[in-house]
Amino acid sequence: MINITFPDGSQKAYEAGVTVEQIAGDISSGLKKASVAGYVNGELYDLNRPIEQDADVVIITRKDEKAFEVLNHSAAHLLAQAVKRLYPKATFGVGPAIREGFYYDIDAGETIREEDLPTIEKMMHKIASEQTAITRREVSRKEALAFFQDDKYKTELINDLPEDETISLYNQGEFTDLCRGGHIGSTKNIKHFKLLSLAGAYWRGDSNRDQLQRIYGTAWFTKDDLQRHLKVLEERKERDHRKLGKELRIFELVDDAGKGLALWLPNGYTVRKVLEDYVYKLERKAGYKHVSTPALGTKKLYEISGHWSHYRDNMFPLMERDGEEFVLRPMSCPHHMLVFKSDLRSYRDLPIRYAEIVTQHRYEASGSLTGLERVRAMTLTDAHLFVREDQIKAEVLAAYNLILQAIHDLGLEIEYVELALRDKIKGKFHDNDELWDMAEKIMKELLDEEGIEYTEMKGEAAFYGPKIDIQVRTAMGHVITMSTVQLDFLLPERFDLSYIGSDGEKHRPVVIHRGLISTWERLMSILLEQYKGAFPTWLAPIQMKLIPVNNEAHTDYAKELNDLFNDLDFRSELDLRDEKLGYKIRDAQTHKIPYQLVVGDNEVNDRLVTYRKYGSKEQVTVTVDEFLALVREDIRSKGH
Ligand code: TSB
Ligand code: ZN
């Protein structure tokens, strides 16, 4: 007999070999039905895995988040089994559960197409209806290697497992997978699922290795939950910045221009210009000085900074002409170091904050490029702050708070704050442990002192130091970095920067790298998705559209208004196209223009404005002055 202890402290004796499912059933039949897996002494256990010794047991039911993960992980196995039946030559990479579903990386031996997904899904349903038990078996490393001897991916995974790791195989019918578990007991429990999409994925995320095909799907416990989720996905598609960017004529990505090299169209450029003015003013007020430096630099500059040895994979290849070597810059920090060095500095001059809206180029893997979200040519709202050691915390905090203000002004929401630290991967980070320890300690202390909640991410630091990254969630559901504050003791040393202290001696400043609101590219992708393309008035490319009811009778007055609005720095346009009124109104509507002004007899005769605000059905008639006042207030408040 073994002793089972429950979360409330109560205990009960069972025969050794009892399962979580039996224990749940012993408590109530309802619990048995709702149970999905269990924690046995903290380890995830399948419902049907025997418990052999005394244990603390927590039953995981459908309501728990973990249950969703278990279900989706089992759905990934079901997908692999179905693919194997349809493509007998298929081998598999990894197939985990993810936030809203699952995926499996597949080498099918031939190309799977989007149109094949329904067939695969049908096969999954067929296998599910076979009601096969999903069972676990622990094996030795030797057995595991023998079992997967013809499968190079699984063989590599097995060889990479730590020596003391228990290796387990999961079996369902003719299909067996290398897997830690847990799983859902039987294929019959996987009923409500859908395959969603197909993408390319490199084996182990390494662009030098095999390209596999990744099938994404999602599985739920009830039909209703699945339907609801599919609806959310549909709505998200409507928000996809790639779709909106095209419809609203914000940007284009054209093959002949180059992958990840976006063309900004007039509407997009206008928003960008407004944002640029906004950033310039915000930074000036906060004590930043603006500089401008070239997009091209010498190779030597990047050798000094360390980019050449740590960041070269992300850089476009070297250019050479008449014995001179150039690189297209991936970052502006080296230039800003030189700007700092261009003069003698005293402790009284610090902090010095150099800001620049920087166009830079990075060679991102082609598979990772996503609309405007991840591109190869980008313009960053960048700054480098040169500070004394006693100023570090105050300046990091002030930079962080300025970021919060900008994010608030833009109406965006932070998903979470991440503290990106180094790990021991060779070559990726500079190797002065002392500087790393110091920088990481300061960042942690600061976040703790300020009560800022954060998630630590090892291995995500910049090569020169730790970063506080502010993360947002995109409409498609992935989390990306919006803003960043980074602490750097390395570049000041490499560039031999100094200032004269109050003691008359030379001292080394510290550098804080700061990205305010990301790059225009990434920011635009986030804004489009956040606002579904309906920009608040202060950002809207066109703020008001004037539409005369009758081109002959009403044009003069409409033109007069349009001139007045433009003179007052509003972005106003007059629609004089030879089209029907209804068409023009619909057109202004599809372009999500904040104010739509229809000019007819009434407006002309009484010198009035009749407007309709985007998103409202109501037509409002006011005097010109009233209209100006309300638009001014709308712009001033940034729509808040
Ligand atoms: C902040 N040297 C620092 C700078 O001083 C730097 O470049 N940091 S960074 O590498 O983290 O990049 C800054 C920001 O640029 C990121 O936080 C992210 O918002 C944005 N960004 C990075 N890569 C891309 C890309 N490929 N496409 C669009 N935006 C990007
Ligand atoms: Zn920098």
Side-chain angles (χ1 to χ4, degrees), residues 245 247-251 263-282 357 409-411 520 524 527-528 531 533-581 583-616 619-640:
E247 285 168 4
L248 301 173
R249 312 302 297 138
I250 300 287
F251 72 98
L263 312 178
W264 286 76
L265 305 180
N267 285 337
Y269 179 73
T270 304
V271 181
R272 176 173 164 161
K273 178 85 174 41
V274 173
L275 287 164
E276 194 166 324
D277 294 346
Y278 163 78
V279 167
Y280 184 76
K281 189 167 163 195
L282 186 76
I357 296 196
D409 285 347
L410 291 167
W520 294 145
M524 180 53 84
L527 289 174
L528 279 170
Y531 289 113
F535 289 103
T537 308
W538 75 288
L539 290 175
I542 301 164
Q543 295 171 313
M544 50 202 72
K545 189 83 150 192
L546 289 141
I547 308 172
V549 174
N550 176 319
N551 275 357
E552 258 159 50
H554 308 128
T555 294
D556 284 350
Y557 179 60
K559 198 166 176 307
E560 189 187 325
L561 286 178
N562 189 48
D563 287 345
L564 173 72
F565 296 157
N566 279 297
D567 282 342
L568 293 171
D569 281 338
F570 298 133
R571 296 183 290 280
S572 172
E573 278 186 12
L574 182 56
D575 192 346
L576 290 180
R577 287 176 299 175
D578 191 14
E579 297 282 358
K580 291 223 168 62
L581 180 65
Y583 173 87
K584 292 186 187 180
I585 289 176
R586 264 197 316 281
D587 195 51
Q589 194 70 13
T590 1
H591 285 90
K592 312 194 183 207
I593 293 166
Y595 294 93
Q596 174 184 306
L597 278 57
V598 175
V599 181
D601 286 341
N602 186 28
E603 287 69 33
V604 171
N605 295 338
D606 297 333
R607 300 192 65 78
L608 294 172
V609 168
T610 297
Y611 71 90
R612 199 170 98 182
K613 186 90 202 279
Y614 181 79
S616 150
Q619 303 247 21
V620 186
T621 303
V622 289
T623 66
V624 176
D625 281 345
E626 282 166 340
F627 179 69
L628 291 175
L630 74 92
V631 177
R632 275 203 191 99
E633 178 49 25
D634 183 7
I635 291 172
R636 192 204 56 77
S637 70
K638 299 193 163 61
H640 293 305

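Quick caveat, the model's predicted, so the values are computed rather than measured.
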- Task: Check step by step if side-chain contact (heavy atoms from CB on, under 4.5 Å) holds for M524 and R272.
- Result: CA-CA 8 Å; M524 180 53 84; R272 176 173 164 161; 5.7 Å; no

- Task: Show the numbers, then the answer: is there a side-chain contact (heavy atoms from CB on, under 4.5 Å) between E247 and K592?
- Result: CA-CA 10 Å; E247 285 168 4; K592 312 194 183 207; 5.8 Å; no

- Task: Assess whether side-chain contact (heavy atoms from CB on, under 4.5 Å) is satisfied between K638 and Y278, documenting all intermediate values.
- Result: CA-CA 11 Å; K638 299 193 163 61; Y278 163 78; 3.8 Å; yes

- Message: Would R571 and V274 count as a side-chain contact (heavy atoms from CB on, under 4.5 Å) here? Give the steps.
- Response: CA-CA 11 Å; R571 296 183 290 280; V274 173; 3.3 Å; yes

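Pairing each heavy atom of A558 with each of L546, the nearest pair is O-CD1, 3.8 Å. Heavy-atom minimum distance, K584 versus L576: NZ-C, 3.8 Å. Here the closest heavy-atom approach between residue E626 and residue V622 is recorded as OE1-CB, 3.4 Å. Contact detail for T270 and P541: the closest heavy-atom pair is CG2-O, 3.7 Å. Contact between G411 and Y531 at its shortest, heavy atoms only, is CA-OH, 3.5 Å. Here the closest non-hydrogen pair linking T623 and L608 is CA-CD2, 3.9 Å.
Taking 4.5 Å as the limit, some side-chain heavy atom of L597 sits within range of a side-chain heavy atom of F627. Looking only at side-chain heavy atoms (C-beta outward), D606 and T621 stay at 4.5 Å or farther from each other. For the pair L275 and L410, the minimum side-chain heavy-atom distance is below 4.5 Å. Taking the side chain as every heavy atom from C-beta outward, F535 and I250 approach each other to under 4.5 Å. Counting only heavy atoms from C-beta outward, the side chains of Q543 and D634 never approach each other to under 4.5 Å.
Interatomic distance, CH2 of W264 versus CZ of R249, reported as 14.0 Å (0.5 Å rounding). Remark: M544 CE to K613 NZ distance equals 10.5 Å, nearest 0.5 Å. From L630, atom CG reaches atom CG of D625 across 11.0 Å, with rounding to the nearest 0.5 Å. In this structure, OG1 on T590 lies 9.0 Å from CG on L248, to the nearest 0.5 angstrom. One finds the CG atom of N562 at 9.5 Å from the CG atom of D567 (value rounded to the nearest 0.5 Å). With rounding to the nearest 0.5 Å, the separation of CG in N566 from CG in L561 is 11.0 Å.
Using cut-offs of 30° and 60° on the angle between ring planes, the pair Y611 and Y595 is perpendicular.
Heavy atoms from other residues, nucleotides or ligands lying under 6.0 Å from CD of E552 number 12 at most. Atom NZ of K559 is surrounded by 12 or fewer heavy atoms from other residues, nucleotides or ligands within 6.0 Å. Heavy atoms from other residues, nucleotides or ligands lying under 6.0 Å from OH of Y269 number 12 at most.
Between the side chain of Y557 and the backbone N or O of D601 there is no donor-acceptor pair closer than 3.5 Å. In this structure a side-chain-to-backbone donor-acceptor pair under 3.5 Å is missing from D575 to I547.
E603 and T610 form a side-chain donor-acceptor contact under 3.5 Å, judged by distance and modelled atom types alone. For the residue pair D409 / H640, no side-chain donor-acceptor distance below 3.5 Å is found, with atom types taken as modelled.
Using a 4.0 Å cut-off between charged side-chain N and carboxylate O, R586 and E579 make no salt bridge. A salt bridge is absent between E276 and K273: the closest approach of a Lys/Arg side-chain nitrogen to an acidic carboxylate oxygen does not fall below 4.0 angstrom. Electrostatic pairing of R577 and D587 counts as a salt bridge here, judged by a charged N lying under 4.0 Å from a carboxylate O.
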